[in-house]
Student: 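Pasting a structure here, questions to come.
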2 protein chains.
Amino acid sequence: MSNESKSQKQTGVRATQKAATGQAVLEAAREEFERVGFEAANLRAIAARAGVSAGTVLHHYGDKRELLHAALFDDLEETLRQALEGLGPGPLEKQLSALTRTVFGYYQRRPKLSRTLLKESLFADEPWAGKFTAQVGGVHGAIARLAQEASARGELRPGVDGALFGAAYFSFFYFALISWVQGAHPAPVAMVERLIGQHLEGLRPPSSLSPRRKER
Amino acid sequence: MSNESKSQKQTGVRATQKAATGQAVLEAAREEFERVGFEAANLRAIAARAGVSAGTVLHHYGDKRELLHAALFDDLEETLRQALEGLGPGPLEKQLSALTRTVFGYYQRRPKLSRTLLKESLFADEPWAGKFTAQVGGVHGAIARLAQEASARGELRPGVDGALFGAAYFSFFYFALISWVQGAHPAPVAMVERLIGQHLEGLRPPSSLSPRRKER
DNA sequence: GAGATTCGTTAAACATGTTCATTGAACGTG
DNA sequence: CACGTTCAATGAACATGTTTAACGAATCTC
């Protein structure tokens, strides 16, 4: 029983072939999905394009949705990595606008797919739900850090709750993105910017009787 | 051609029967959906429960998703109507908490269905997308009005952008709801409350150099 | 190296959402 | 009332996602 532990590189002919077909299927799926959209894409057509049978596709990826995630998860991961990397110093609102624009671009670049992509990301099953949550968590942490730094710079008040602010950012981002893919709003980036602006500004009256630090 | 205009009540035997069948299907669908969930529900089983053939179900409701919407849209509408009705005067945050709790209850009452229900509402096709948007629009207007009133009472600063605040509320609400149905957060109502709190409070430093009325 | 075993692949079977031609009763018309 | 028309309802056919038994080549064991 010379068991190799999970996700370890294999060297045999069989393993190599398997990896190759897996990649071929993935590529065929990505092309087909982006060409005709998720629902219209046909597993037998994807299989044919990859030169395998339909059964093989599902042997590698348990079902159609998993195939979608497998085909496009890495691209989003890479997009996020780049977005976080190239943030620069700038004021907080500029940093967030850049982030919003970059991630929005990921969806905009796949018009036939953006709706389903967002839908199936937000409502994924395990194990993709966990991966997606981890992705979001990474960005969430980064935003919390940005907020802390902005606080240190004096852009935000001291003692800001970075995590809560991160949650607010995601709320705005996804709300705008959903509105956009549903055709209800044409300019998601601008919408996120306006919402963030109001969030940073606050709405309580300047001369409120209640002191700044009000908690129930 | 004695054409009756759309959605006018019909009196003939045929029309009556059709309406009865439609209702029977709707009831069977609602029961079956809430019992086993959307994806696991089977059109032929629903049809059998309603005492008709599978074809008849789709003759009345174009496809499975439309059947879901037809079966549950009215309940949400009614829930929203009641929620808006029983708001009372109270401070803005209390009003919004009550609203959040009521609408959340609608989903909580259908544990097998809440995830799909939210998913298919947010990403519905026409004509349900339009109906859902109209529903949301109604609540949006109501919230904007609440914000104006709060502003008039001195709870919020004068000249508050009620519509933008409404968008922020929906952002928070749906973010928390999605987190909840995905199992990522156990207490959506509390989360919305905290986000609203931060939104109302704002995050800019009290002694900011930039004046209150700052636009890009 | 020969036999046993594993496992990637396949094709056929299956489940289920959807389409469609057919039917017969309700309906309108004279 | 007799006729043609409409249309709700049907069930079979279809499309497609998914399951499964079987095959055969790679791998393992001795």
Side-chain angles (χ1 to χ4, degrees), chain A residues 1-4 6-26 28-29 32-33 35-71 116 120 125, chain B residues 1-26 28-29 32-33 35-71 116 120 125 128:
Chain A
M1 178 179 299
S2 64
N3 236 342
E4 302 286 334
K6 208 171 126 192
S7 78
Q8 187 138 1
K9 201 182 294 180
Q10 303 273 349
T11 54
V13 174
R14 194 143 70 179
T16 308
Q17 243 321 305
K18 180 177 185 181
T21 44
Q23 281 305 310
V25 169
L26 221 54
E32 209 53 14
F33 282 150
R35 193 171 65 83
V36 304
F38 178 72
E39 323 228 334
N42 178 308
L43 282 189
R44 285 169 176 82
I46 292 175
R49 181 183 274 248
V52 298
S53 80
T56 298
V57 172
L58 294 182
H59 177 74
H60 282 252
Y61 311 94
D63 62 15
K64 197 184 179 185
R65 276 185 195 152
E66 181 169 340
L67 184 58
L68 176 74
H69 287 126
T116 305
E120 298 301 334
D125 292 306
Chain B
M1 99 162 42
S2 62
N3 238 342
E4 302 287 330
S5 88
K6 211 172 123 191
S7 78
Q8 187 138 1
K9 199 183 299 179
Q10 302 274 347
T11 55
V13 173
R14 194 145 69 182
T16 308
Q17 242 322 304
K18 179 176 185 181
T21 309
Q23 281 305 310
V25 169
L26 222 54
E32 206 57 11
F33 282 150
R35 193 170 66 83
V36 302
F38 177 72
E39 325 228 333
N42 178 308
L43 281 189
R44 286 169 175 82
I46 292 175
R49 181 184 275 250
V52 298
S53 79
T56 299
V57 173
L58 295 180
H59 177 73
H60 282 252
Y61 311 95
D63 62 16
K64 198 184 179 186
R65 276 185 195 153
E66 181 168 340
L67 184 57
L68 175 74
H69 288 125
T116 305
E120 299 301 334
D125 293 304
W128 296 99

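Residue numbers start from 1 in every chain, and the chains themselves are labelled A, B, ... in the order their sequence lines are given, proteins ahead of strands.
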Student: Rounding to 10 degrees, work out the angle separating the end axes of the helix from C:dG1-D:dC30 to C:dG30-D:dC1 (five pairs an end).
Tutor: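 About 10°, once rounded to a multiple of 10°.
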Student: What is the separation between atom CG on B:Leu68 and atom P on C:dG17, rounded to the nearest whole Å?
Tutor: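 B:Leu68 atom CG is separated from C:dG17 atom P by 13 Å.
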Student: Please, which pairs that meet salt bridge (Lys or Arg N to Asp or Glu O under 4.0 Å) have at least one residue in residues 47-57 of chain A, sequence neighbours excluded?
Tutor: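 Those involving residues 47-57 of chain A are A:Glu31-A:Arg49, A:Glu32-A:Arg49.
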Student: Could you give the distance from NE2 (A:His69) to CG (A:Leu67), rounded to the nearest 0.5 Å?
Tutor: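 Going from the NE2 atom of A:His69 to the CG atom of A:Leu67 covers 10.5 Å.
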Student: Give a yes/no on whether any side-chain N or O of A:Thr21 is located under 4.0 angstrom from OP1 or OP2 of C:dG8.
Tutor: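 Negative; the distance criterion is not met.
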Student: Strictly below 4.0 Å, heavy-atom distances to any atom of DNA chain D: list the hits from residues 37-46 of chain B, or just say none.
Tutor: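 Here the set is B:Arg44.
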Student: Whole angstroms only, please: what is the CD-C1' distance between A:Gln17 and D:dA26?
Tutor: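 Whole-Å distance recorded here is 11 Å.
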Student: Rounding to a whole Å, what distance do you find between B:Lys18:NZ and D:dT6:C1'?
Tutor: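 Taking NZ of B:Lys18 and C1' of D:dT6, I get 12 Å after rounding.
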Student: If you look only at pairs with a residue in residues 46-65 of chain A, which of them pass as a ring pair (Phe, Tyr, Trp, His ring centres under 6.0 Å), with sequence neighbours excluded?
Tutor: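 For residues 46-65 of chain A: none.
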Student: How close do A:Leu26 and A:Ala70 get, counting heavy atoms only, and between which atoms?
Tutor: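 Closest pair (atom of A:Leu26, atom of A:Ala70, distance): CD1-CB, 3.8 Å.
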Student: For a quick test of your reading: what N or O donor-acceptor pairs under 3.5 Å do the side chains of residues 36-46 of chain A make, sequence neighbours left out?
Tutor:
from    : atom 1 : to      : atom 2 : distance (Å)
A:Glu39 : OE2    : B:Arg65 : NH2    : 3.3
A:Asn42 : OD1    : A:Arg44 : N      : 2.7
A:Asn42 : OD1    : A:Ala45 : N      : 3.1

Student: For DNA chain C, which residues of residues 52-65 of chain A approach it to below 4.0 angstrom with any heavy atom?
Tutor: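 Of all residues in residues 52-65 of chain A, the ones placing a heavy atom under 4.0 Å from DNA chain C are A:Val52, A:Ser53, A:Gly55, A:Thr56, A:His59, A:His60.
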